[in-house]
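Throughout, protein chains are lettered first and strands after them, A, B, ... in sequence-line order, and every chain is numbered starting at 1.
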Amino acid sequence: MTIHLFNTLTRRKEAFRPLDEQRVTMYACGPTVYNYAHIGNARPAVIFDLLYRILSRRFPKVVYARNITDVDDKINQAAAELGVPIQVVSERFAEAYHQDMAALGVGRPTIEPRATDHIDQIITMIQTLIDKGHAYVAEEHVLFDVEQFPDYGSLSRRNKRELIAGARVDVAPYKKGPGDFVLWKPSTEAQPGWDSPWGRGRPGWHIECSAMSAAHLGEIIDIHAGGQDLVFPHHENEIAQSRCAHGTDVFARYWMHNGFVTVEKRKMSKSQGNTLIVHELLKTWPGEVLRYVLLSAHYRQPLDWSEKVLEQARATLDRLYGLLRDHLNGQVSEPDAAVIEALEDDLNTPTALAALNGLARQLADADQADKAELAARLQSSGSVLGLLQQQPSAWFESMRKAIEIDESEIRKLIEQRNQARRDHDFETADRIRDELIERGIELRDGPEGTSWEVASR
RNA sequence: GGCUAGGUGGCAGAGUGGUUAUGCAGCGGCCUGCAAAGCCGUGUACCUCGGUUCGACUCCGGGCCUAGCCUCCA
């Protein structure tokens, strides 16, 4: 089956055919490193990492670039507040980002270009745009002239007149057109800056992605991805810059945009102050639970975050890991075709998870002889989704860590209870069990003795 | 105001012109000293009004509602 992807450019699901099967290129807008990532920032990281894995199954080489924006006024502000150089801020949060994403099972992209390492390319690109008449200099700024690009608005389906009518911002007086956007802006002494033909300054936000994408992937790339809120103006501007600079008809052939994570149905965003920081969530939840939740809705749909969905994901993973614990025996297997098929159909993760759970049911129903193979298939299918990769014992162990427990004491109580049971003193036995339940511990009497788990709720 | 998504069972969330999504919770059963876990079984879901059709939750049109973008934002 061919991979199908929903293309924002056409608003349709299309068969994915790369320009060069030997070298598929994708670019995702990465973080601006001035703060810890919230769960909404994690969604594209998880989703497009998954896309990268799916593509890599089909194509011999996929080059995935995800940038780090390390020059930005918010970083400057954070540095000023902390009284440290901006590099300290960007380094610190880039590292935190890597750690948090790793906890969610997100791998590193092929390339992770940083804006500050590409100032030369940015300046060159801006100069090209000026030379070709697509940009102009005004009061030490360089601006992109939207009027010179007839296709402006094609991605976001806006026309320039509407943009002007709906503009809610004051237009800077030096702009020729209200939709013109900054490619380069002057820096004060205190701000980070680089020498350029237009004086000491720093790049505008949009140009870095165009420059780095061209530098590492080429003038035309296969896939460009990011959050829905980037469609306009960020991606629209990237298209304008890149196509005008390179004289091409197309910049990215497929555009993909993920929906938002919401809280109580409202968009999670730093400006609204309703963010849930991944770093904090990881203190109470295993990364795998967060990942499961992020995969539980289709990537283009909004995903409403709540304690409840976390509990549900946890319960489901508990069951799956329980099956693996009981039936895995070192066999290996290919992933289930239904899981792959669902993912290749525009990353339909809910259907893929349904297939995964269907496999779990099959395993539960199967004859003893088939269980090991099915368990291996379950684990292997999970791996495509970046799930079920821990040792089951490690999973249950991590659950135990969530609450303060003295294991030896529990073992002692279990032994007391079992003695009482042997004595048919069920009153005592039940009392001990109830005490443990009070402390969030559930006992399980099995053929091999009594084990315990942290209770679900 | 312009533009873009979406309204599915108790909750989460896929999907399809006429067949079981799936998960979580609930209920009944098996198992158990009693439980828990597990397993089995179970639930007449598709905002509204028209239209197309032999037949629509699924296609088309109107309405209502929600969210998002138009400003930094994943």
Out of C34(B), A74(B), A21(B), minimum distance to the side chain of Phe260(A) belongs to A74(B)
Could you check whether Asp430(A) gets within reach of a base, just the sugar-phosphate, or nothing at all, counting any heavy atom under 4.0 Å? base
Should the ring pair Tyr152(A) and Phe149(A) be called parallel, tilted or perpendicular, given that the plane angle runs from 0 to 90° and is split at 30 and 60? perpendicular
Please classify the nucleic acid contact of Leu443(A) as base, sugar-phosphate, or nothing, using heavy-atom distances under 4.0 Å. base
Would you mind reporting whether Phe181(A) and Glu236(A) have side-chain heavy atoms less than 4.5 Å apart? no
Could you state the CD1-P distance from Ile432(A) to A36(B), rounded to the nearest angstrom? 19 Å
Using Watson-Crick or G-U wobble geometry with both distances below 3.5 Å, tell me the partner of C3(B), or none. G68(B)
Measure the distance from CG on Leu320(A) to P on C39(B) and round it to the nearest whole Å. 10 Å
note: Asn357(A), atom CG; C39(B), atom C1'; distance rounded to Å ~ 16 Å
Can you tell which of C34(B), A67(B), A74(B) lies closest to the side chain of Arg421(A)? C34(B)
Please enumerate all protein N or O atoms sitting under 3.5 Å from an N or O of nucleotides 12-14 of chain B, with distances to 0.1 Å.
from, atom 1, to, atom 2, distance (Å)
A14(B), OP1, His298(A), N, 2.5
A14(B), O3', Asn348(A), ND2, 3.1
A14(B), O2', Thr351(A), OG1, 2.3

Send over the distance from His224(A) NE2 to A74(B) P, rounded to a whole Å. 13 Å
Does Gly259(A) reach a base, just sugar-phosphate, or nothing at all? Heavy atoms under 4.0 Å. base
Given Val71(A), Val182(A), Asp72(A), the one that forms side-chain contact (heavy atoms from CB on, under 4.5 Å) with Pro203(A): Val71(A)
Pairwise side-chain contact, Val309(A) with Asp304(A), heavy-atom cut-off 4.5 Å (strictly under): no
Got a donor-acceptor contact below 3.5 angstrom from the Asn274(A) side chain to the Lys267(A) backbone? yes
Strictly by Watson-Crick or wobble contacts shorter than 3.5 Å, is anything paired with C30(B), and which nucleotide is it? G38(B)
Touch check for Arg417(A), heavy atoms < 4.0 angstrom, all strands: base, sugar-phosphate only, or nothing? base
Residues in side chain to side chain donor-acceptor pair (under 3.5 Å) with Asn67(A), at least two apart? Tyr27(A), Thr69(A), Glu208(A)
Side chains of Asp346(A) and His4(A): is there a donor and an acceptor less than 3.5 Å apart? no
Side-chain donor/acceptor of Asp229(A) to base of C70(B), under 3.5 Å: no
Between Leu353(A) and Lys308(A), which residue's closest nucleotide on RNA chain B lies nearer the 5′ terminus? Lys308(A)
Just how far, in rounded Å, is P of G33(B) from CG of Asp423(A)? 16 Å
Between U4(B), G23(B), C69(B), which nucleotide has the shortest distance from any of its atoms to the side chain of Arg158(A)? C69(B)
Answer yes or no: is there a side-chain heavy-atom contact under 4.5 Å between Leu443(A) and Leu436(A)? yes
Under 4.0 Å from OP1 or OP2 of A67(B): is there any side-chain N or O of Arg266(A) that close? yes
Nearest-angstrom distance from the residue atom CZ of Arg291(A) to P of G23(B): 21 Å
Rounded to the nearest 0.5 Å, the CE atom of Met268(A) sits from the CZ atom of Arg43(A) at a distance of 10.5 Å
Which is true for Thr316(A) with a 4.0 Å heavy-atom rule: it touches a base, it touches only sugar-phosphate, or it touches nothing? sugar-phosphate
Give me the distances for all protein-to-nucleotides 40-42 of chain B N/O pairs that come in under 3.5 Å?
from, atom 1, to, atom 2, distance (Å)
C40(B), OP1, Asp365(A), OD1, 2.3
C40(B), OP1, Asp365(A), OD2, 3.3

If you assign each of His38(A) and Lys13(A) to its closest nucleotide in RNA chain B, which residue comes earlier from the 5' end? Lys13(A)
Length of the line joining Lys267(A):NZ and A74(B):P, which is rounded to integer Å: 8 Å
Inter-residue atom distance Leu104(A).CG - Leu281(A).CG, 0.5 Å rounding: 9.0 Å
What does Arg43(A) touch in the nucleic acid at a heavy-atom separation under 4.0 angstrom: a base, only the sugar-phosphate, or nothing? nothing
CG of Asn7(A) versus P of U4(B): gap in Å, rounded? 16 Å
Over all strands shown, is Gly358(A) touching base, sugar-phosphate only, or nothing at heavy-atom distances under 4.0 angstrom? nothing
With rounding to the closest Å, how many angstrom separate the C1' atoms on A37(B) and U32(B)? 11 Å
Go through the side-chain N and O atoms of Arg266(A) and Gln272(A) and say whether any donor and acceptor fall under 3.5 Å apart. no
Going by atom types alone, do Ser90(A) and Gln87(A) pair a side-chain donor with an acceptor below 3.5 Å? no
Sugar-phosphate, base or nothing in reach of Val261(A), heavy atoms under 4.0 Å: base
Watson-Crick or G-U wobble mate for G55(B), both contacts under 3.5 Å: none
Select one nucleotide: of C69(B), G38(B), G68(B), the one nearest the side-chain heavy atoms of Arg319(A). G38(B)
So what does Ser156(A) hit on the nucleic acid, given a heavy-atom distance under 4.0 Å: a base, only sugar-phosphate, or nothing? sugar-phosphate
Report the base-pairing partner of C11(B) (Watson-Crick or G-U wobble, both distances below 3.5 angstrom), or none. G23(B)
